[in-house]
K.L.:
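Below: one structure in C-alpha cells.
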Amino acid sequence: MSDENTETGTEADSGIDPEKAARHAEKMAKKKAARNKIMATKTETGGLLIVHTGKGKGKSTAAFGMVCRALGHDMNVGVVQFVKGKWETGERKVLEAFADQISIRTMGEGFTWDTQDLNRDIAAARAAWEQAKELMADPDIDMVLMDELNIVLRYDYLPLEEVVETLKNKRQDLHVIVTGRNAKEELIEAAHLVTEMTQIKHPFRQGFKAQAGIEF
C-alpha cells in the first residue's frame, strides 16, 4: 500500500488542523518559557507552617495525604490528635505499617460536648500540646501534624500567643500542619500555606451519619 498521500504526525492522526496545532505549540512554548523564568526565582527551601481550615470536609484528610507523601520520601513524621482520640480511624490503622517512620500520639478525649468537663478538656489540650512540642524538638522528625489544634484554640483551651509563637519559632527544617475549622487570624498570618475547605454540600445535612472510609 502506497503511503504517498499518508500524512504523518500526531496532528494527522488526531484530525487536528496542522496550523491550529502549530499555533498551540507556539503558545505553549511561550507559557513554558514564562513559567521557567518564574521558577528560576523560587530558590527557598525549608520547613513550612501549613494550615487547613474552613467548614468543608477534607482538612484532616488532606493533611494525612501529606503525611503519606512524606513517608513515601522516607521522612519521619509525628502526629498529635488533639480531639479525635476516641475514634478508631482508618488512617491510623494504615499508618501502623510505617511504625518505624511515624509516631502517632492520640491525646484527645472526644469533642467537648462528649466530655462536658472544661477542666478535663483543658488538661487534655495541654497534654497534647506538650506532646506536640516534644515532637517538634526531635531533630529526627521532619513533619508534625497537629490534627484539630484549631478546635482547642477556638475554645481557648491553650494560650493562643504561646502556640503561635512556638510555631513561628519552630526549627527551620520542620514542616508543621495544623488542621481544624475556625483557624485564628494570628495563626493564619504566621502560616506559609493556608487552605480553606469550602462546604458546598454535606451528607450530614441529608441525614447521613459519619461513615467508615469517608469520615474516619
Side-chain angles (χ1 to χ4, degrees), residues 45-54 56-112 114-115 121 123-154 157-158 163 166-167 170-181 183 187 191-197 202-204 208-216:
T45 59
L48 301 177
L49 176 55
I50 300 165
V51 176
H52 294 173
T53 192
K57 174 178 161 34
K59 297 175 286 294
S60 295
T61 305
F64 276 104
M66 286 188 172
V67 166
C68 289
R69 282 180 172 172
L71 295 174
H73 287 286
D74 296 321
M75 297 166 68
N76 296 319
V77 181
V79 176
V80 179
Q81 293 187 290
F82 279 79
V83 174
K84 298 173 181 173
K86 292 184 176 180
W87 289 27
E88 273 298 321
T89 60
E91 58 266 25
R92 196 183 307 162
K93 292 180 180 179
V94 170
L95 294 174
E96 287 175 356
F98 298 88
D100 58 331
Q101 288 179 252
I102 190 166
S103 174
I104 302 178
R105 316 258 176 111
T106 304
M107 305 298 296
E109 297 193 79
F111 295 98
T112 185
D114 291 326
T115 63
D121 288 339
R126 171 53 64 178
W129 176 236
E130 294 302 321
Q131 291 287 317
K133 289 192 294 183
E134 181 181 305
L135 289 168
M136 290 176 66
D138 186 341
D140 292 328
I141 297 290
D142 303 297
M143 174 183 287
V144 176
L145 166 57
M146 302 182 189
D147 192 33
E148 305 288 8
L149 173 60
N150 287 336
I151 301 298
V152 300
L153 292 177
R154 175 189 180 189
Y157 293 166
L158 292 172
V163 172
T166 300
L167 294 177
K170 66 178 181 60
R171 296 188 346 252
Q172 291 187 353
D173 61 341
L174 177 69
H175 298 298
V176 174
I177 310 171
V178 176
T179 72
R181 61 174 59 193
L187 180 59
H192 300 95
L193 171 61
V194 181
T195 299
E196 181 177 10
M197 309 295 184
H202 198 290
F204 181 77
F208 290 86
K209 65 179 182 179
Q211 299 184 75
I214 305 298
E215 276 81 21
F216 60 91

K.L.:
Sequence neighbours excluded, which residues qualify as side-chain contact (heavy atoms from CB on, under 4.5 Å) partners of Ala70?
P.N.:
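In terms of side-chain contact (heavy atoms from CB on, under 4.5 Å), with neighbours along the sequence ignored, Ala70 is linked to Met75, Val77, Met143.
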K.L.:
Over all heavy atoms of both residues, which pair between Ala137 and Arg171 is shortest? Give the atoms and the distance, please.
P.N.:
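Closest approach of Ala137 to Arg171: C-NH1, 4.2 Å.
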K.L.:
Looking only at heavy atoms, what is the nearest atom pair of Ala132 and Phe82, with distance?
P.N.:
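Between these two residues, the closest heavy atoms are CB-CZ, 4.3 Å.
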K.L.:
Please examine the side chains of Val83 and Asp147, heavy atoms only from C-beta on, and report whether any two atoms are closer than 4.5 Å.
P.N.:
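Result no, sub-4.5 Å side-chain heavy-atom pair not found.
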K.L.:
What's the spacing between Asn150 CG and Leu187 CG if we round to 0.5 Å?
P.N.:
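The distance works out to 5.5 Å.
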K.L.:
What's the spacing between Ile102 CD1 and Ile141 CD1 if we round to 0.5 Å?
P.N.:
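One finds 9.0 Å between CD1 of Ile102 and CD1 of Ile141.
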K.L.:
List in chain and number order the residues that pass side-chain contact (heavy atoms from CB on, under 4.5 Å) with Thr61, two or more places apart in sequence or in another chain; answer none if no residue qualifies.
P.N.:
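For Thr61 the side-chain contact (heavy atoms from CB on, under 4.5 Å) partners, ignoring immediate neighbours, are Lys57.
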K.L.:
Got a sec, which pairs hit side-chain hydrogen bond (donor to acceptor under 3.5 Å, both in side chains) with one end in residues 68-80, sequence neighbours left out?
P.N.:
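Checked against side-chain hydrogen bond (donor to acceptor under 3.5 Å, both in side chains) - neighbours excluded - no pair reaches residues 68-80.
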K.L.:
Take Leu153 and Leu158 through the side chain to side chain contact (heavy atoms under 4.5 Å, CB included) test and state the conclusion after the steps.
P.N.:
CA-CA 6 Å; Leu153 292 177; Leu158 292 172; 4.1 Å; yes
K.L.:
For Ala62, what residues pass the side-chain contact (heavy atoms from CB on, under 4.5 Å) criterion, not counting sequence neighbours?
P.N.:
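His52, Met197.
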K.L.:
With rounding to the nearest 0.5 angstrom, report the CG to CD distance, Leu145 to Gln81.
P.N.:
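If I round to the nearest 0.5 Å, the distance is 7.5 Å.
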K.L.:
Kindly give the heavy-atom pair with the smallest separation between Leu95 and Cys68, and that separation in Å.
P.N.:
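Scanning both residues completely, I find the closest heavy atoms to be CD2-SG, 4.4 Å.
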K.L.:
Out of curiosity, Leu193 CG to Ile50 CD1, how far, rounded to the nearest 0.5 Å?
P.N.:
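One gets 5.0 Å once the value is rounded to the nearest 0.5 Å.
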K.L.:
Could you pull out the closest heavy-atom pair between Tyr157 and Ala125, with the gap in Å?
P.N.:
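Taking every non-hydrogen atom into account, CB-CB, 3.7 Å.
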K.L.:
Closer than 3.5 angstrom, by distance alone: can the side chain of Lys170 be matched with the main-chain N or O of Gly47 as a donor-acceptor pair?
P.N.:
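Yes; at least one donor-acceptor contact below 3.5 Å.
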K.L.:
Measuring from Ile177:CD1 to Leu48:CG, what's the distance to the nearest 0.5 Å?
P.N.:
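Going from the CD1 atom of Ile177 to the CG atom of Leu48 covers 9.5 Å.
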K.L.:
Can you pull out every side-chain hydrogen bond (donor to acceptor under 3.5 Å, both in side chains) where at least one residue sits in residues 127-136? Sequence neighbours excluded, please.
P.N.:
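Listed by first then second residue: Arg105-Gln131, Arg105-Glu134, Arg126-Glu130, Trp129-Glu162, Glu130-Lys133.
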K.L.:
What are the two closest non-hydrogen atoms of Thr179 and Lys59, and how far apart are they?
P.N.:
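Of all heavy-atom pairs spanning Thr179 and Lys59, the closest is CG2-O, 3.8 Å.
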K.L.:
Got a second to check how far Arg154's CZ is from Thr53's OG1, nearest 0.5 Å?
P.N.:
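The distance works out to 10.0 Å.
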K.L.:
Restricting to salt bridge (charged side-chain N to carboxylate O under 4.0 Å, His left out), what partner residues turn up for Asp138, sequence neighbours left out?
P.N.:
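If we apply the salt bridge (charged side-chain N to carboxylate O under 4.0 Å, His left out) test to Asp138, skipping adjacent residues, there are no hits.
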K.L.:
Taking the side chain as everything from C-beta on, heavy atoms only, tell me whether Met146 gets closer than 4.5 Å to Leu167.
P.N.:
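The answer is yes, as the side chains (C-beta and beyond) meet within the 4.5 Å cut-off.
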K.L.:
Identify, with sequence neighbours excluded, every residue that meets side-chain contact (heavy atoms from CB on, under 4.5 Å) alongside Phe208.
P.N.:
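Applying side-chain contact (heavy atoms from CB on, under 4.5 Å) to Phe208 gives Pro203, Gln206, Gln211.
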